[in-house]
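Notes follow once the structure below has been shown.
Residue numbers begin at 1 in each chain, while the letters A, B, ... track the order of the sequences. In this text, all values refer to a predicted model and were calculated from it rather than measured experimentally.
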Protein chains: 2
Amino acid sequence: MAELDKIDRMILKELQVDGRISNAELASRIGLAPTSMSDRVRRLTRLGYIAGFGARLDPHKLGLDLLVLIEVSLDKTTPDIFDKFAAAVRRAPEVLECHMVSGGFDYLVKARLKDMATYRAFLGDVLLSLPGVRETRSYPVIEEVKNNGPLPV
Amino acid sequence: MAELDKIDRMILKELQVDGRISNAELASRIGLAPTSMSDRVRRLTRLGYIAGFGARLDPHKLGLDLLVLIEVSLDKTTPDIFDKFAAAVRRAPEVLECHMVSGGFDYLVKARLKDMATYRAFLGDVLLSLPGVRETRSYPVIEEVKNNGPLPV
DNA sequence: CGAAGCTGCCGTAGAACATACGGAATGGAC
DNA sequence: GTCCATTCCGTATGTTCTACGGCAGCTTCG
């Protein structure tokens, strides 16, 4: 009941790559009966190893050709500045990721947009209009070397 | 045949959140017959809007408690340095993302590891041992405010 | 106008699939 | 040896997928 065995890890690896593989196909690939596979996948989901399933969309097909990384520094005057910023970021659909970091700045934001003009508007209307944002540094992505790599299991 | 209509966008939005929803359930949610839904999803996949499906795993359940962002600067002396670096990064399972950026440094790397000791080893054995890596700056993530947000469709 | 062609939708039917259930095999504790 | 827990498997039932053909609306073009 405790940990992950070798089979569990193989399952997780396969499901990361193809989350819609049929239970039967996955079972035969691993070398297990379909029902056993069903049991294991359900268990992995119940225990939280599998948080969910999702479709991977092609951003360029959707017209989102610009990926930007933004370093954000906040004014640390009022205590709820961080919460306000985090809430605003979670609301913004352009923002795919946002991490609070330790080091030279406070947050790193990853946003996907149509083009530079759209980014310019996003920067002014969303980011810079937030109270407490002291400084931002933008890094447009030239080449996506690796993206959404699977977790090592 | 050309673009995405309103129904297509709804489908993409739903499939991003739950990629394993049954075709029948998705059809009834959107208000379409199951067979029409099947046609549309197949079309979206064939045209490349849907690049694939995958399981979302919980990194902490897998013991990957440390998320680090690393800015990397390269020596621009030899022309194939960039290719070598990109290839190495694609090979490294700890690296989830790597983007070449325009600005103060060359690459931003996102890596997930067990702990600081593991990161220390990764930094020395993988990153710094690559030829051409001139400088790195590491930013451990304190709080993941937003992660793997869905693309706006 | 009207026929042809295209597109998107739907219903049917057979196959493939998922899953609840109970039974068998394995391995450890005592 | 006996008990218990775990993991696996086969069966059976209900659900789901999908290939196929038909129907309605729209456009095109003679």
Side-chain contact check for A33(B): nearest option of dT16(D), dC17(C), dC10(C) is dC10(C)
Return the value, rounded to whole Å, for the distance between atom CG of L26(A) and atom P of dA16(C). 19 Å
Measure CG/N23(A) against C1'/dT15(D) and give the value in whole Å, please. 14 Å
Is K146(A) reaching over with its side chain to a backbone N or O of H99(B), donor-acceptor style, under 3.5 angstrom? no
Quick one: M37(A) CE to dA18(C) P, roughly how many Å, whole number? 11 Å
Please report, rounded to the nearest Å, how far the P atom of dT6(D) is from the CG atom of L47(A). 12 Å
5'-most contact on DNA chain D (nearest-nucleotide basis), D5(A) vs R42(B), goes to D5(A)
Start with the C-alpha distance between T118(A) and D115(A), add both sets of side-chain angles, then the distance that settles side-chain hydrogen bond (donor to acceptor under 3.5 Å, both in side chains), and finish with yes or no. CA-CA 5 Å; T118(A) 315; D115(A) 50 26; 2.6 Å; yes
More than 12 heavy atoms of other residues, nucleotides or ligands under 6.0 Å from CZ of R29(A): is that the case? yes
Is E144(B) salt-bridged to R112(B), cutoff N-O under 4.0 Å? yes
If you assign each of R20(A) and T35(A) to its closest nucleotide in DNA chain D, which residue comes earlier from the 5' end? T35(A)
For atom CZ of R46(A) and atom P of dT19(C), their distance in whole Å: 14 Å
Of E25(A) and G31(B), the one whose nearest nucleotide on DNA chain C sits closer to the 5' end is G31(B)
Whole angstrom value for the distance that separates C1' of dC8(D) from CZ of R43(A): 14 Å
Whole-Å distance, I7(A) CD1 to dT6(D) C1', equals 13 Å
From C-beta outward on S38(A), which listed nucleotide comes closest to its side chain: dC9(C), dT7(D), dT19(C)? dT19(C)
Atom-pair distance (CG on L44(B); P on dG8(C)), nearest Å: 12 Å
Name the nucleic acid region contacted by I21(A), choosing base, sugar-phosphate or nothing; use a 4.0 angstrom heavy-atom cut-off, strictly under. nothing
So what does S36(B) hit on the nucleic acid, given a heavy-atom distance under 4.0 Å: a base, only sugar-phosphate, or nothing? base
is_close_aromatic(F85(B), Y107(B)), centroid dist under 6.0 Å: yes
